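The structure under discussion appears below in the form of C-alpha cells.
The analysis underlying the following values was restricted to heavy atoms, covering all of them including side chains, and did not include hydrogens, waters or symmetry mates. Each ligand, and each atom within it, is numbered from 1 in the order the structure gives. Everything numeric here is computed off the predicted structure, so don't read it as measured data.
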Amino acid sequence: MSAQRKTAVVAIGGNSLILSKQHEDVASQWQAVQETCKNIATMIERDWNLIITHGNGPQVGFILRRNELAAHEVHATPLDLIGADTQGSIGYMIAQSLGNEFKQRGISRPIASVVTQVLVDREDPGFQDPTKGIGGFTTEEKAREFETDGWRVMEDAGRGWRRVIASPVPLKIVELEAIRTLVQSGYIVIGVGGGGIPVIEDESGNLVGTRAVIDKDRATSLLAQQLEVDLFLVSTAVPQVAINFNEPNQKWLGKMTADEARAYHAEGHFKPGSMGPKIEAVLSFLDAHPAGKVLITDPPNIARALDGESGTWIEA
Ligand code: ADP
Ligand code: MG
C-alpha cells in the first residue's frame with residue numbers, strides 16, 4: 001500500500017480486552033488494553049502502518065444482559081446498535097491507550113477509529129440455520145421468552161439454553177476506502193471491530209442492520225485481502241500455534257507453509273470456535289494474496305515474534 005512503510009492488519013483477540021472471568025470490570029479492561037497497546041506501539045516504533053481489529057463478544061453479552069434487566073423501564077438496544085456501541089467504546093479505549101503510549105515514547109502518528117459496517121448476503125444460509133450462541137445461558141422457559149422478540153433459542157451442549165444467531169460470510173467492508181485513505185495518510189486505524197456491524201441490502205439497495213454476528217477473524221481476513229497487506233498478525237492468548245494442542249505430545253510450531261497448515265487442520269489440530277477459524281481466515285488471506293505473511297502470537301511476544309524468535313509464521 002504505502003510506498004515506504006509496510007502495512008499490517010493486527011486482529012486483537014478477547015484476551016487483549018478482558019484477561020479472565022475474574023477481571024471483567026472496567027478498570028481491568030483498561031489495564032488489559034493498555035498492556036496490549038504497549039506491545040503494539042513497538043510495531044509503530046518499527047515504522048509499520050497498522051490497522052487494528054478487535055473482538056467484542058463479552059462486551060456484547062454485558063449489554064444484552066443490561067437490556068434484560070432494564071426491559072421494564074427502557075427500550076432494548078438492537079444488536080446492530082450494540083455492535084456500533086462496542087466498536088465505539090473499544091475503539092475509544094484502544095485509541096486513547098495507544099495515543100498515551102505514543103506520547104510516552106515520543107512517537108507522533110495520528111490515530112482514528114472507524115465505525116465499520118460489513119455487508120452480508122441476506123440469503124446467507126446462516127440466517128436459516130443460526131448456530132452462533134450469544135448472551136447468557138438460562139432455562140428453556142426463560143429462553144423461550146426471547147422468541148416473542150424474534151430471537152431463535154437453542155440448547156447449547158448441556159450448558160443451558162441461549163439465543164442463537166447467524167454468523168454470515170462477510171462480503172464487503174462498507175468503509176474500506178475510508179480505512180485505506182486513512183492508512184495511506186499515515187493514520188493508525190482501528191476498524192472492523194467485532195467483525196463489523198452486519199448489514200444487508202434491502203429491495204431498494206439500501207443498507208440496513210441485521211441481527212447477526214460476523215466472525216472477527218473472517219472479517220479481518222477480508223480486510224487484509226482487500227488492502228493486500230504485507231502482514232496479517234493474529235494476536236491471541238497463546239504465543240504460538242501447536243499441533244496436538246494440550247496433549248502430552250504437544251509441539252509448538254515456529255513456522256509452517258499454508259499447505260502444512262491445511263493438512264494439520266484437516267487432521268483436527270485446530271479447535272473449532274478458537275484456533276480453527278483463525279487458521280481458516282489466514283489461509284484464505286494467503287490464497288488471495290500469496291505474497292503476504294501471517295504471524296500468530298500473543299501481545300507480549302509481538303516484538304520477539306517479528307524478529308523470528310517466537311510466534312508461528314505461515315507463508316504460502
Ligand atoms: P481470540 O479471543 O483471540 O479469538 P480464541 O480463544 O477464540 O481467541 O482462540 C485462541 C485459543 O485457541 C488459544 O488461546 C488456545 O487456547 C486455543 N487453541 C485451540 N487449538 C490450538 C492450537 N492448535 N494451538 C494453539 N492454540 C489453540
Ligand atoms: Mg475467537
Nearest protein heavy atom to atom 10 (C) of ligand 1, by residue and atom, and its distance?
Thr236 OG1, 3.2 Å
Between Arg122 and Glu203, does at least one N-O distance fall below 4.0 Å, as a salt bridge requires?
yes
In terms of residue, atom name and distance, what is the protein heavy atom nearest to atom 20 (N) of ligand 1?
Met275 CB, 3.4 Å
Counting only heavy atoms not in Lys172 (residues, nucleotides, ligands), do more than 12 fall under 6.0 Å from its NZ?
no
Protein contact to atom 2 (O) of ligand 1 [nearest heavy atom, distance to 0.1 Å]:
Gly14 N, 2.9 Å
So is Gly273 in contact with ligand 1, going by heavy-atom distances below 4.0 Å?
yes
Please name the residue in the list Glu155, Glu145, Glu68 that meets the salt bridge (charged side-chain N to carboxylate O under 4.0 Å, His left out) test with Arg163.
Glu68
Where is the nearest protein heavy atom to atom 16 (O) of ligand 1: which residue, which atom, and how far?
Phe245 CZ, 3.5 Å
Ignoring hydrogens and geometry, is there a side-chain-to-backbone donor-acceptor pair from Glu175 to Gln117 under 3.5 Å?
yes
What atoms in ligand 1 come closer than 4.0 Å to a heavy atom of Phe270?
23 (N)
Decide whether Ser221 and Gln225 meet the rule of one side-chain donor and one side-chain acceptor closer than 3.5 Å.
yes
Atom 6 (O) of ligand 1 has as its nearest protein heavy atom Ser274 CB, 4.1 Å
Out of all atoms in ligand 1, which are within 4.0 Å of some heavy atom of Val241? Include the element for each.
24 (N), 25 (C)
Check for a donor-acceptor pair, side chain of Arg105 on one end and backbone N or O of Lys38 on the other, with a separation under 3.5 Å.
yes
Give the contacting part of Lys216 toward ligand 1: side chain, backbone, both or neither, where contact means a heavy-atom distance below 4.0 Å.
side chain
Backbone N or O of Val238 within a donor-acceptor pair of the Thr236 side chain at under 3.5 Å?
no
For Gln240, the ligand 1 atoms with a heavy-atom partner under 4.0 Å come out as 25 (C)
Would Asn15 count as a polar contact of ligand 1, with the cut-off being nitrogen or oxygen pairs under 3.5 Å?
no
In this structure, atom 4 (O) of ligand 1 is nearest to the protein heavy atom Lys278 NZ, 2.6 Å
So which protein heavy atom does atom 23 (N) of ligand 1 come closest to, and at what separation?
Ala242 O, 2.7 Å
Between Asp259 and Arg262 (salt bridge meaning N to carboxylate O under 4.0 Å), is one present in this structure?
yes
Please check if the side chain of Gln250 supplies one atom and the backbone of Asn246 the other of a donor-acceptor pair under 3.5 Å.
yes
If you count the atoms of ligand 1 from 1 in the order shown, which ones are under 4.0 Å from a heavy atom of Ala237?
14 (O)
